[in-house]
Amino acid sequence: MAIRPELIDELLKDYKKPEDMVGENGLLKQLTQALVERALGAELTHHLGYEKHSAGGKHRGNSRNGTTPKTLKSDLGDMPIEVPRDRNGDFEPQLVKKGQRRFTGFDDKILSMYARGMTTRDIQAHLQDLYKTEVSAELISTVTAEVMEEVREWQNRPLEEIYPIVYLDAIWLKIRDEGHVVNKAAYLAIGIRLDGFKEVLGLWIEKEEGAKFWLKVITELQTRGLKDILIACVDGLKGFPEAIESVFPRTQVQICIVHMVRNSLRFVSLKDRKAVVADLKKIYRAPTEEQAKAALTEFEQTWDSRYAFISKSWRSNWTRLSTFFAYPQEIRRAIYTTNAIESMNNGLRKVTKNRGSFPNDEAAIKLLYMALRNLMKKWTMPIQNWGAALSQLSIIFEGRLLLK
């Protein structure tokens, strides 16, 4: 419905500065108030079946009964309105429902700020500065708590039957548990679909990792419809390879190269780090497993006097690492390239860094899910060189890929 230019001119005849339009008592706020009240009045007219002051309302058994003041919190600030009543008390307004205290879009503002890692106090201050409206911590908690139902639906949704590659990664959070703040891991399973697009399969928080926990995770994925994983990339988490192989015995488990390198550098001095990285590259970028083993031997000769734990770790994990060298370059790039996961983890760390600790697991899951929801909107392209990788996978894992 087009608005007549003459009406706009009339509304703007006293306009001199931006505050006249968007200020605390600006035109937009006044116009919204008037439109809301007029719409509520129209709803009551429809409910009663006759216009205000109309003779047709006599002997209808119900009539108008004044108004009730209500203050709505909106992105225009606190907005006082008058809500019309009927004498029988059975009028149920739809634009502003009974008990509703926030106008359309206000909850979205709170959720958007929360999803970007702002604390409750930050959100309160921001709403006060920007919209001149005060909100309580309880209100923010109420708004964000409604997300948990969406989280439960997401966590239990059906999965595709096959994900050629699945990554499992974790970030650490401080969460209150039984009166004490402890470190807990938030684990994420990320699958690569047949079309090459990434999908977060699930989110779990656990204090202790181990085979029992991983068996629960893998069994949950299977229950939701997952029937096959070709390659599972993990970060050396204890018990995970055995758990996944007990449910999906044909899955090849590959320890994530990026995590191996990161763990190797954990106790390396800054002055040696660049050289150590360069020598590690000779191992995982070797064309064949034999050449990789030779590069590892050279690494031992160079660095074992200072960092013997690095070569020891690579040798003890070699069975899971050497899977990497059995694949052609296209697949190696797909399972080595964890940029997407690293980028996702960095995004999650940004939204959690302002939290000293979370009051419980649910609060942590709620924030991580909302942050993930924002991050996943950017996943608009398949992973790099996926077409070539998929062709190679269909040859190596003959008969297990249902190509369309």
**Q** Answer yes or no: does atom CD of E51 have more than 12 heavy-atom neighbours from other residues, nucleotides or ligands under 6.0 Å?
**A** no
**Q** Please determine whether a side-chain nitrogen of the Lys or Arg among E298 and K282 lies less than 4.0 Å from a carboxylate oxygen of the Asp or Glu.
**A**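 No, no charged N to carboxylate O under 4.0 Å.
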**Q** Does a donor on one side chain sit under 3.5 Å from an acceptor on the other, for Y327 and Q254?
**A**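 Short answer, no.
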**Q** Taking the six-membered ring of F324 (Phe, Tyr or Trp), confirm whether the NZ or CZ of R332 is under 6.0 Å from its centre and within 45° of its axis.
**A**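 Flagged: R332 positioned over aromatic ring of F324.
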**Q** Identify whether the distance between the nearest side-chain nitrogen and carboxylate oxygen of K216 and E220 falls below 4.0 Å.
**A**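 Salt bridge: no.
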**Q** Stepwise, does the side chain to side chain contact (heavy atoms under 4.5 Å, CB included) test hold for I192 with W386?
**A** CA-CA 10 Å; I192 306 298; W386 177 247; 3.7 Å; yes
**Q** Answer yes when E290 and K293 have at least one side-chain N-carboxylate O distance shorter than 4.0 Å, and no when they do not.
**A** no
**Q** Of all the heavy-atom pairs spanning L348 and A371, show the shortest one and how long it is.
**A**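 The pair with the smallest heavy-atom distance is CD2-CB, 3.8 Å.
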**Q** Which atoms form the tightest heavy-atom contact between V268 and R273, and what is the distance?
**A** O-NH2, 3.1 Å
**Q** Between the side chains of S311 and W303, does any donor sit under 3.5 Å from an acceptor?
**A** no
**Q** Closest heavy-atom contact between N62 and R87?
**A** OD1-N, 3.3 Å
**Q** Any chance the side chains of E206 and W214 put a donor and an acceptor closer than 3.5 Å?
**A** no
**Q** Grab the two heavy atoms, one from F248 and one from Q222, that are nearest each other, plus how far apart they are.
**A**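 Closest approach of F248 to Q222, heavy atoms only: CZ-CB, 4.1 Å.
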**Q** Check the pair L296 / Y284 against side chain to side chain contact (heavy atoms under 4.5 Å, CB included), numbers first and verdict last.
**A** CA-CA 9 Å; L296 179 55; Y284 63 79; over 6 Å; no
**Q** Given the rule in the side chain to side chain contact (heavy atoms under 4.5 Å, CB included) test, do V83 and K98 qualify, once you have shown the distances and angles that lead to the verdict?
**A** CA-CA 10 Å; V83 180; K98 288 182 177 179; over 6 Å; no
**Q** Are any non-hydrogen side-chain atoms of L194 and P164 less than 4.5 angstrom apart?
**A**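 SC-SC contact between L194 and P164 confirmed.
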**Q** What I want to check is whether the side chains of S357 and R176 have a donor and an acceptor closer together than 3.5 Å.
**A**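 S357 vs R176: no donor-acceptor pair found between side chains.
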**Q** Grab the two heavy atoms, one from R224 and one from G202, that are nearest each other, plus how far apart they are.
**A** NH1-CA, 4.5 Å
**Q** If you count the non-hydrogen atoms of other residues, nucleotides and ligands that lie under 6.0 Å from CZ in R306, is the total more than 12?
**A** yes
**Q** Would you say L173 and L368 make side-chain contact, with heavy atoms under 4.5 Å?
**A** yes
**Q** Ring-plane angle category for Y187 and F213, please: parallel below 30°, perpendicular beyond 60°, tilted otherwise.
**A**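 Rings of Y187 and F213: tilted, 30 to 60°.
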**Q** Side chains of Y307 and S269: do they bring a donor and an acceptor to under 3.5 Å?
**A**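 There is such a pair between these side chains.
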**Q** Is E362 atom CD crowded by more than 12 heavy atoms from other residues, nucleotides or ligands, each under 6.0 Å away?
**A** no
**Q** Assess, by modelled atom type and distance only, whether the side chains of Q155 and Y369 contain a donor and an acceptor separated by less than 3.5 Å.
**A** no
**Q** Please give me the minimum heavy-atom distance between E245 and T251, naming the atom from each residue.
**A** CG-O, 4.3 Å
